[in-house]
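Residue numbers begin at 1 in each chain, while the letters A, B, ... track the order of the sequences. All values derive from a computational prediction rather than experimental measurement. Side-chain atoms are counted along with the backbone in the values below, which use heavy atoms only and exclude waters and symmetry mates.
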Amino acid sequence: MPELPEVETVVRGLRTPLETQKITAAQVFSAKIRTPIPVHLASAVTGRTIISVARRAKYILIHLNDDLTIIIHLGMTGNIRLVEKSPATWSPEKHDHLFLRLHSKTAMVFSDPRRFGVLDLVKTSELSQWKSIRDLGPEPLERNFTGAVLKNILSGRKTAVKLALLNQSLLVGVGNIYASEALFRAGISPLRPALKVTSAQAETLCGAIKEVLRAAIKAGGSTLKDYRHASGEIGFFQNRFAVYDRAGAACPGCTCDIAKTGGIKRLVQGGRSTFYCPRKQS
DNA sequence: CTTTGGGCCTGGACGC
DNA sequence: TGCGTCCAGGCCCAAA
């Protein structure tokens, strides 16, 4: 499910209810999601205080005192919900994996039906060396992420630019939806080899990535199915997709004869759907 | 080193 | 109603 805008929206929704709160009870319900959940997680976090909630790439970081950080990745179908006036002991619904009850009596529940998510506990001081964080590329919304940086990332790679954008070791946060959307905005074909993206195109693409991610955050992310804000609200950026999941339809500003051209095209790259307009993207 | 393909899971949509 | 097939927002790992 969740790409950078969705994860960022969840993080923002968790800050006020979680920060400064002491964890008064914790339960873990399934031993294994994508990776094993540490057996000591529940006992280790109980009694600790949440200092801050942050995001790195698509990872949610809940920083506690005593040098501990809870890492949550939502995978494809993960979601976090807040329960007000929660009981001290949680009766898990199907697919609930983690329950954290706070001093305020609000609780946070992490669920993930497809179990592609990650739940881990690490020392905050060792976070930057944690296996999946260590090799991540730059944050696209940072000021120092520029067209020149993107050009450098893409240069020398024979792989299609769409696949390069999905590679989190090159650039984080962009997933299957926003890769298609950013390439459409930039007028670049998803099939173009990364090394054939010119400096001028890299500049445009850099701007398009920032633009589409910011717009999606503003809209509270995209809800296709499972994704929810921590408050339970859905996002609505899916209503503004230019190309994603719109095969056969007209792209924004389309002037061609859809009956003849077939409109937006779907293709498969790296086993995943890509959507684009062959007439506007090259 | 880069690139490719399979695997991990569940559930919903669809065709018969 | 039921059964089989395909598909889905992410990521890891082995193999080429």
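Centre separation under 5.5 Å together with a plane angle under 30° holds for the ring of A:F116 and the six-membered base ring of B:dC8, marking them as stacked.
Of the candidate nucleotides C:dC11, C:dC7, C:dG9, C:dC11 has the atom lying nearest to any side-chain atom of A:R34. Of the listed nucleotides (B:dT10, C:dG9, C:dC13), C:dC13 has the atom at the smallest distance from the side chain of A:K131. Listed nucleotides B:dT4, C:dG9, C:dG10 differ in distance to A:I177; the shortest reach to its side chain belongs to C:dG9. For A:L163, taking side-chain heavy atoms from C-beta onward, the closest of the listed nucleotides B:dT4, C:dC11, B:dG12 is B:dT4. In the set B:dT10, C:dG9, C:dC12, C:dG9 carries the atom at the smallest distance from any side-chain atom of A:N176. Considering only side-chain atoms of A:K94, the nucleotide from B:dG11, B:dT3, C:dA8 that sits closest is B:dG11. Listed candidates were C:dA8, C:dG10, B:dG11. Nearest to the side chain of A:S273 is C:dA8. Distances were taken from every side-chain heavy atom of A:K158 (C-beta onward) to each of B:dT10, B:dT3, C:dC12; the shortest belongs to B:dT3.
Classification of the A:F99-A:W90 ring pair by plane angle, with boundaries at 30° and 60°, yields parallel.
The interatomic distance linking A:M76 (CE) with B:dT10 (C1') rounds to 11 Å, in whole Å. Taking atom CG of residue A:D112 and atom C1' of nucleotide B:dC8, one finds them 12 Å apart after rounding to whole Å. Look at CG on A:L224: it is 15 Å from C1' on B:dG11, rounded to the nearest Å. The separation between A:Y227 atom OH and C:dA8 atom C1' is 17 Å, rounded to whole Å. Here B:dG11 presents its C1' atom at 9 Å from CG of A:D226, a figure rounded to the nearest Å. B:dT10 atom P lies 15 Å from atom CG of A:D96, rounded to whole Å.
With hydrogens and angles left out, the side chain of A:R272 and the base of C:dA8 share no donor-acceptor pair within 3.5 Å. Put simply, the side chain of A:R114 and the base of B:dC9 share a donor and an acceptor less than 3.5 Å apart.
When the side-chain nitrogen and oxygen atoms of A:H95 are compared with OP1 and OP2 of B:dT10, none of them lie within a distance under 4.0 Å. A close approach under 4.0 Å does occur between a side-chain nitrogen or oxygen of A:R266 and OP1 or OP2 of C:dA8. Considering only side-chain N and O atoms, A:T77 lies nowhere under 4.0 angstrom from the phosphate OP1 or OP2 of C:dG9. Contact between the side-chain N/O atoms of A:Y244 and the OP1/OP2 oxygens of C:dG9 is found at a separation under 4.0 Å. The phosphate of C:dG10 (OP1 or OP2) has a side-chain N or O of A:K58 nearer than 4.0 angstrom.
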*Do A:R55 and A:E139 pass the salt bridge (charged side-chain N to carboxylate O under 4.0 Å, His left out) test, and can you show the C-alpha distance, the side-chain angles, and the key distance before you say yes or no?*
CA-CA 10 Å; A:R55 177 188 63 76; A:E139 291 282 341; 2.9 Å; yes
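Not one N or O on the side chain of A:H63 forms a donor-acceptor pair closer than 3.5 Å with the backbone of A:A54.
Pair check for C:dG9 finds none; no Watson-Crick or G-U wobble contact set falls under 3.5 Å.
When the P atom is used for both C:dC6 and B:dG6, the distance is 14 Å, rounded to whole Å. Atom P of C:dA14 sits at a distance of 16 Å from the matching atom of B:dC9, rounded to the whole Å.
In this structure, A:A160 and A:K225 both approach DNA chain B, and ranking their closest nucleotides by distance from the 5' end singles out A:A160.
Between A:Y244 and the options A:F184, A:Y276, A:F275, a ring pair (Phe, Tyr, Trp, His ring centres under 6.0 Å) holds for only A:F275.
Closest approach of A:R56 and A:G137 over heavy atoms only: NH2-O, 2.9 Å.
A 4.5 Å side-chain heavy-atom check between A:D120 and A:W130 finds at least one atom pair inside the cut-off.
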